[in-house]
Colleague: 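Quick one: this structure, given as structure tokens, is what I'll be asking you about.
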Amino acid sequence: MTAGKTGGLKRYYDLNGWLFVAPSLLLIAIFLVYPILRSLYLSFFSGKGMMMKFAGFGNVVRLWNDPVFFQALTNTVTFFIVQVPIMITLALMLAAVLNNDKLKFIGFFRTAIFLPCVASLVAYSVLFKSMFSVDGVVNSALLTVGLISTPIGWLTEPFWAKVLVILAITWRWTGYNMIFYLAALQNIDKSIYEAAKIDGVPAWARFVYITIPMLKPVILFTTIISTIGTIQLFDEVYNLTEGRGGPANATLTLSLYIYNLTFRFMPSFGYAATISYVIVIMVALLSFLQFYAARDRS
Amino acid sequence: MNVSRRATTVLQYAFLGTAAFLSIFPFIWMAISSTNKSIDIISGRTGIGDAFGTNVANFFSQVDVPLVFWNSTKLAVLATLLTIVVSSLAGYGFEMFRSKARDRIYALVLLTLMVPFAALMIPLFMMMARSGLINTHIAIMLPTIASAFIIFYFRQSTKAFQTELRDAAKVDGLKEWQIFLYIYVPVMRSTYAAAFVIVFMTNWNNYLWPLIVLQSNETKTITLVVSSLASAYYPDYGVVMIGTILATLPTLLVFFVMQRQFVQGMLGSVK
């Protein structure tokens, strides 16, 4: 592209190119590249506060013998393995139904289902906490309908606390994912559906055999994005459980554990940095899987 | 055939209706609860009460509302403007002045999208502590300004920017920064609007990093205030509800006024 240009022009072109991107690159270098390398460096040190000494792989050994870490890891993995498929399925079904222009009030439904995306993570977590109290509105409704006979301890029983976190994230993010599917669906040629209809293919089969294969790239993309988001889960569990990840660490996530190790107790920067690298590795692995799958497609 | 088609339609409406109701309900709950006493809220009262005035009065007596609102607004608007200026310059630069070296660096920039914040927060905190920036809004903004997402968004949008406009401006003797400022920015204003909405929402709702950095009441944002009110041993949910309303209203407003840009930005920033 620059081959035909004289030396002066090329220098002018290059200088301008660098000037436009320089501010961003400088900021990324200072506030992203340096900290991520620094975290790696810190993970070889142990000690409390600013009193740190070199520990080699001491933090990895500590990690291996730390039941709380394994609990946080298990919780984090449980959250994304259970929650992401539920949410993606729901979002797909909603998008498929909303793509039907013949239904009335489609604009209203679309906006309503998208609305949770606007809520701040803190605000909705706090709202959910009030709705899911023992005598709260959700338990009352379930009792009235007869689905349960005694109130559920959403915030006091380990199992139900996990369910609550999953319900909450699903509420917040289903509409977000749905928008991606709707946008993709609108690019699919309607005549394919018409042809299938004429051939007598029922609605569910059109969904399974036309919609899902056509949306495969978007589904893959949103799955990875959601999984990476859930691996980093923090705001919701912090605000549902007063920062403790309770009851009995049942909702403690890796990010929350790192926060607690660093900012709640006497800070163990080195050990917390080591745990943060567990998240880095998990995210890197998933991203690699995404690129691998994407390459496979083309 | 006809019966089954009608059944399908009914099912679809039931599905959509349930989903819409569940999606909206927490917002209605927030509005109703702001009129109830704390004890009524946690015992699931769904009627409108008469405690709205008391809740508002209590909220204003516990929280310096103008200050907190000013902190949130100042932070969100400033951080958003800086992000958009810096990141759109980069998006434009990467697309308009392509070279092998810059293409490689751009790939690295995209790679930073995968970096989880948990792996940055400890060094960032130590950095800010050493520079004496703990408890300042500058510390909140600095790490958010260069956003790989927004750089990517602007680079993608720049592909649609007509190079003829740029060439014509060059013939007229405009410098590169003038072309950017007087031609690119006005032509791309809808891209800028969409980016503004998305970045503003992110900044307004930002939580973890402000939670770490902002430790005094003078610097706290509305999000932090709501969170600390709700994590009290016996939270007054009536007061908390006023807080959640104040925290949610600006983003709701932006969403309803600029819904099209919101969706466009959301889809565009990750396309």
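Chain letters run A, B, ... following the sequence lines, proteins first and then strands; every chain starts at 1.
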Colleague: Could you walk me through whether Ser255(A) and Phe117(B) pass the side-chain contact (heavy atoms from CB on, under 4.5 Å) test, one step at a time?
Modeller: CA-CA 9 Å; Ser255(A) 289; Phe117(B) 184 70; over 6 Å; no
Colleague: Which pair of non-hydrogen atoms, one from Leu229(B) and one from Pro235(B), has the smallest distance, and what is that distance?
Modeller: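 In terms of heavy atoms, the two residues are closest at O-CB, 3.6 Å.
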Colleague: Quick check on Leu42(A) against chain B: is it the side chain, the backbone, both or neither that has a heavy atom closer than 4.5 Å?
Modeller: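 The answer is the side chain of Leu42(A).
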Colleague: Counting a contact as any heavy-atom pair under 4.5 Å apart, which residues of residues 102-111 of chain B contact chain A?
Modeller: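 The residues closer than 4.5 Å to chain A, in numerical order, are Arg102(B), Ile105(B), Val109(B).
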Colleague: Given a strict heavy-atom distance threshold of 4.5 Å, which part of Phe263(A) is in contact with chain B: side chain, backbone, both, or neither?
Modeller: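 For Phe263(A), side-chain heavy atoms alone lie under 4.5 Å from chain B.
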Colleague: Using non-hydrogen atoms only, which part of Asp14(A) is less than 4.5 Å away from chain B: side chain, backbone, both, or neither?
Modeller: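 Contact with chain B is through both the backbone and side chain of Asp14(A).
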Colleague: Count the heavy-atom pairs under 4.5 Å between each of Val226(B), Thr112(B), Thr248(B) and chain A, then report the option with the highest count.
Modeller: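 Ranked by heavy-atom pairs under 4.5 Å with chain A, first place is Thr112(B).
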Colleague: For chain B, which residues from residues 237-245 of chain A lie under 4.5 Å away (heavy-atom distances)?
Modeller: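 Near chain B, by residue number: Tyr238(A), Asn239(A), Glu242(A).
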Colleague: Check Leu185(A), Thr222(A), Ile225(A) against Phe180(A) for a side chain to side chain contact (heavy atoms under 4.5 Å, CB included) and give me the one that passes.
Modeller: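 Exactly one candidate clears the test, Thr222(A).
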Colleague: Please look at Val280(A) and chain B and tell me whether the side chain, the backbone, both or neither of the residue comes under 4.5 angstrom of a heavy atom of that chain.
Modeller: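 Both backbone and side chain.
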Colleague: What part of Phe108(A) gets within 4.5 angstrom of chain B, counting heavy atoms only: side chain, backbone, both, or neither?
Modeller: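 It is the side chain, since no backbone atom gets that close.
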Colleague: Quick one: side-chain hydrogen bond (donor to acceptor under 3.5 Å, both in side chains) partners of Tyr184(B), sequence neighbours excluded?
Modeller: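 In terms of side-chain hydrogen bond (donor to acceptor under 3.5 Å, both in side chains), with neighbours along the sequence ignored, Tyr184(B) is linked to Thr158(B).
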Colleague: Verify the distance criterion only: is there a donor paired with an acceptor across the side chains of Ser130(A) and Trp29(B) at less than 3.5 Å?
Modeller: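 The answer is yes; a qualifying pair exists.
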Colleague: Can Glu176(B) and Arg166(B) be counted as an ion pair, charged N to O under 4.0 angstrom?
Modeller: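 Result for this pair is yes, salt bridge flagged.
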Colleague: Among all residues two or more places apart in sequence or in another chain, which pass the ring-ring contact (aromatic ring centres under 6.0 Å, His included) test with Trp204(B)?
Modeller: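 Listed in chain order: Phe69(B), Phe200(B).
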Colleague: Measure Met282(A) against the heavy atoms of chain B and call it side chain, backbone, both or neither at under 4.5 Å.
Modeller: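 Neither part.
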